[in-house]
Amino acid sequence: QVQLVESGGGLVQAGGSLRLSCAASGRTSSADAHSAEAMGWFRQAPGKEREFVAAITWRGGIVLYADSVKGRFTISRDNAKNTVFLQMNSLKPEDTAVYYCAAGFYSTYTSGYKNWGQGTQVTVSS
């Protein structure tokens with residue numbers, strides 16, 4: 001129902017930065033884009049399970065981060081533009097993964113999200 005389109009992935013050196021964007025579009029209106037309680041970012045590295053990165057609620061902008069990214073990543077949203085961002089600083093090779101945005105409940109679990117983007121590759125070289 002909610003279409004999510006991600007952008008901003010790429011190749012970056014360790015210590016560098018990237019900003020990911022996720023544009024959410026509703027089926028019939030802007031309100032549809034906010035039908036989910038929250039937006040989340042997850043990542044999946046080769047041979048690994050999909051891992052929670054960060055989440056934010058549409059209504060209050062309440063944020064939650066995985067311990068591995070606290071202090072380095074910042075999730076934010078622009079409600080008027082129906083867009084969620086993930087600013088990634090001080091990137092490390094272990095951050096290399098496909099990053100996905102998702103819409104659903106405010107949760108650290110993949111099962112809490114009902115709509116997913118296509119994913120965008122982030123590669124950090126050392």
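Residue numbers start at 1 and run along the sequence shown.
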(request) Apply ring-ring contact (aromatic ring centres under 6.0 Å, His included) to Phe42 and list each qualifying residue two or more places apart in sequence or on a separate chain. (result)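 If we apply the ring-ring contact (aromatic ring centres under 6.0 Å, His included) test to Phe42, skipping adjacent residues, the hits are Phe52, Tyr113, Trp116.
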Mind jotting down which residue pairs meet the salt bridge (Lys or Arg N to Asp or Glu O under 4.0 Å) criterion with at least one end in [range]? Sequence neighbours excluded, please.
| range | value |
| --- | --- |
| residues 71-88 | Arg72-Asp95 |
| residues 44-61 | Arg43-Glu51 |
| residues 101-125 | none |

(request) Among Ile, Leu, Val, Met, Phe, Trp and Tyr joined by side-chain contacts under 4.5 Å, find the other residues sharing a cluster with Phe85 and list them by chain and number. (result)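 Cluster partners of Phe85: none, it stands alone.
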Sub-4.5 Å side-chain heavy-atom contact between [X] and [Y]:
| X | Y | value |
| --- | --- | --- |
| Leu20 | Met88 | yes |
| Thr74 | Leu86 | no |
| Trp58 | Val84 | yes |
| Ser25 | Val2 | no |

(request) Could you list the residues that satisfy side-chain hydrogen bond (donor to acceptor under 3.5 Å, both in side chains) with Asn89, not counting sequence neighbours? (result)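 With neighbours one apart ignored, the set is Ser17, Gln87.
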(request) With sequence neighbours left out, write down each residue that passes side-chain hydrogen bond (donor to acceptor under 3.5 Å, both in side chains) with Lys70, or none if nothing qualifies. (result)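 For Lys70, the residues satisfying side-chain hydrogen bond (donor to acceptor under 3.5 Å, both in side chains) (neighbours in sequence not counted) are Asp67.
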Minimal non-hydrogen separation, [X] against [Y], with atom names:
| X | Y | answer |
| --- | --- | --- |
| His34 | Asn82 | NE2-OD1, 2.6 Å |
| Glu6 | Tyr99 | OE2-O, 3.4 Å |
| Ala24 | Leu4 | CB-CD2, 3.6 Å |

Go through the structure and list residues passing side chain to side chain contact (heavy atoms under 4.5 Å, CB included) with [X], not counting sequence neighbours.
| X | result |
| --- | --- |
| Tyr109 | Ser107, Ser111 |
| Val63 | Ile56, Tyr65, Ile75 |
| Val12 | Leu18, Leu91, Val124 |

(message) According to disulfide bond (SG atoms under 2.5 Å apart), does anything in residues 49-85 pair up with another residue at least two apart or in another chain? List the pairs.
(response)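 Qualifying pairs: none.
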(request) If a pair satisfies side chain to side chain donor-acceptor pair (under 3.5 Å) and one of its residues is in residues 117-126, list it, with sequence neighbours excluded. (result)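 Every pair satisfying side chain to side chain donor-acceptor pair (under 3.5 Å) with a residue in residues 117-126: Gln121-Thr123.
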(request) Might you work through the side chain to side chain contact (heavy atoms under 4.5 Å, CB included) test for Thr108 and Leu64, ending with a clear yes or no? (result) CA-CA 8 Å; Thr108 62; Leu64 183 64; 3.3 Å; yes
(request) Rounded to the nearest 0.5 Å, what's the gap from SG on Cys22 to OH on Tyr100? Could you check? (result)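 Rounded to the nearest 0.5 Å, the SG-OH separation comes to 13.0 Å.
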